[in-house]
Amino acid sequence: MDQDLKALISRIAEALDRLAPPAPPSADINEAEAYVWHAAGHRLEAVPKVNRVSIDLLVGIDRQKEILLENTRRFAKALPANNALLWGSRGAGKSSIVKAVHAHVNREMGGPPGPLALVEIHREDIPSLPALLSRIRTSKRRFVVFCDDLSFDGQDAAYKSLKAVLEGGIEGRPDNVVFYATSNRRHLMPRDMIENERSTAINPSEAVEEKVSLSDRFGLWLGFHNADQDTFFAMIEGYAEFYKLGVPAETLRKQAVEWSVTRGSRSGRVAWQFVQEVAGELGKKLE
């Protein structure tokens with residue numbers, strides 16, 4: 001290659017390096033209450049303020065709260081605890097309950113930052129989960145690794161690496177880590193994918209077992225479903241009271257019925273969106 005061309009390419013590469021600053025260093029695993037894991041660069045980013053609501057404002061999922069709260073308390077105290085799969089309807093409070101339970105238990109134990117850290121890993125970064133566990137395995141802190149909206153489609157083989165990490169690998173899950181995931185699917189796979197495996201496999205039952213065994217790695221299965229009307233009203237009235245909206249309950253209920261009809265469902269998410277609408281109309285901030 002011509003020397004002048006080599007020099008030109010070298011200068012261009014150096015200029016691009018200057019334009020693209022290096023990724024920030026990974027956060028100290030002892031400094032924050034919550035983190036986001038970035039597979040690119042294998043680094044943890046501290047979250048200054050977690051987007052969550054108080055556990056007392058989560059209405060209609062009392063049994064789920066009780067079970068997950070007790071499991072998280074045991075884990076925080078270094079007692080045996082299970083991985084948890086929260087599955088069911090969209091907007092029913094699955095991710096909200098994970099964040100609220102983490103905050104509640106951490107504060108019981110002197111946080112923030114406290115001894116219990118929440119680490120969110122995105123679904124597409126699941127293949128890098130072993131690297132994350134290696135990073136936190138030797139820490140004195142305890143970690144709830146959380147994946148929101150976890151599911152697998154088509155020929156996605158990432159579920160196999162997750163299975164190995166949760167229970168079946170040589171190292172297994174570290175003692176200071178528990179894995180919480182939310183999904184709209186109980187078995188993390190679409191039904192047609194499972195049925196296709198059944199119809200094309202030489203041994204259908206073995207093929208299906210391979211697909212659904214991932215969910216078996218979760219000791220806790222917590223189901224979430226759409227709320228009935230009374231529970232939906234209770235959610236809204238709880239938010240209205242907490243944020244001091246000052247709207248009569250009867251007025252809220254009439255407006256809430258219309259709102260839920262236009263959305264086609266009753267859930268915690270729909271209730272929160274309705275409360276945001278009312279607060280906006282009143283010119284009040286939800287703080």
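Residues take their numbers from the sequence shown, with the count starting at 1.
A distance-only check finds no donor-acceptor pair linking the side chain of Y35 to the backbone of A117 [under 3.5 Å]. Of the possible donor and acceptor atoms, none in the side chain of H225 sits under 3.5 Å from a partner among the backbone N and O of G88. The closest donor-acceptor contact from the side chain of R74 to the backbone of P80 lies under 3.5 Å.
Within a 6.0 Å sphere centred on CD of E124, heavy atoms belonging to other residues, nucleotides or ligands number more than 12. Around the CD atom of Q273, the shell of radius 6.0 Å holds more than 12 heavy atoms that belong to other residues, nucleotides or ligands. A 6.0 Å sphere centred on CG of D228 holds more than 12 heavy atoms belonging to other residues, nucleotides or ligands. The environment of K254 atom NZ is sparse: at most 12 non-hydrogen atoms of other residues, nucleotides or ligands sit within 6.0 angstrom.
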Applying side-chain contact (heavy atoms from CB on, under 4.5 Å) to L132 and L129, what does each step give before you reach the verdict?
CA-CA 5 Å; L132 168 59; L129 187 55; 4.0 Å; yes
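Taking 4.5 Å as the limit, every side-chain heavy atom of R135 sits out of range of all side-chain heavy atoms of H42. Within the 4.5 Å cutoff, the side chain of N176 has no heavy atoms near those of the R141 side chain. When side chains are defined from C-beta on, I126 counts as touching L150, because their heavy atoms get closer than 4.5 Å. A 4.5 Å side-chain heavy-atom check between Y180 and N71 finds at least one atom pair inside the cut-off. With a 4.5 Å cut-off on side-chain heavy atoms, C147 and E120 do not count as touching.
The aromatic rings of H122 and H38 lie perpendicular to each other, with more than 60° between the two planes, well past the 30° mark.
Annotation for R266 and S260: closest pair CG-CB, 3.8 Å, computed over non-hydrogen atoms.
Ion pairing between R52 and E33 holds under the 4.0 Å rule for side-chain N and carboxylate O. A salt bridge does not link E250 to R253: none of the charged side-chain nitrogens sits closer than 4.0 Å to a carboxylate oxygen. Looking at E108 and K77, no side-chain N of the basic residue comes within less than 4.0 Å of a carboxylate O on the acidic one, giving no salt bridge.
No donor-acceptor contact under 3.5 angstrom links the side chains of N226 and S267, judged on distance only. Using modelled atom types, one finds no donor on one side chain facing an acceptor on the other under 3.5 Å when comparing D125 with S128.
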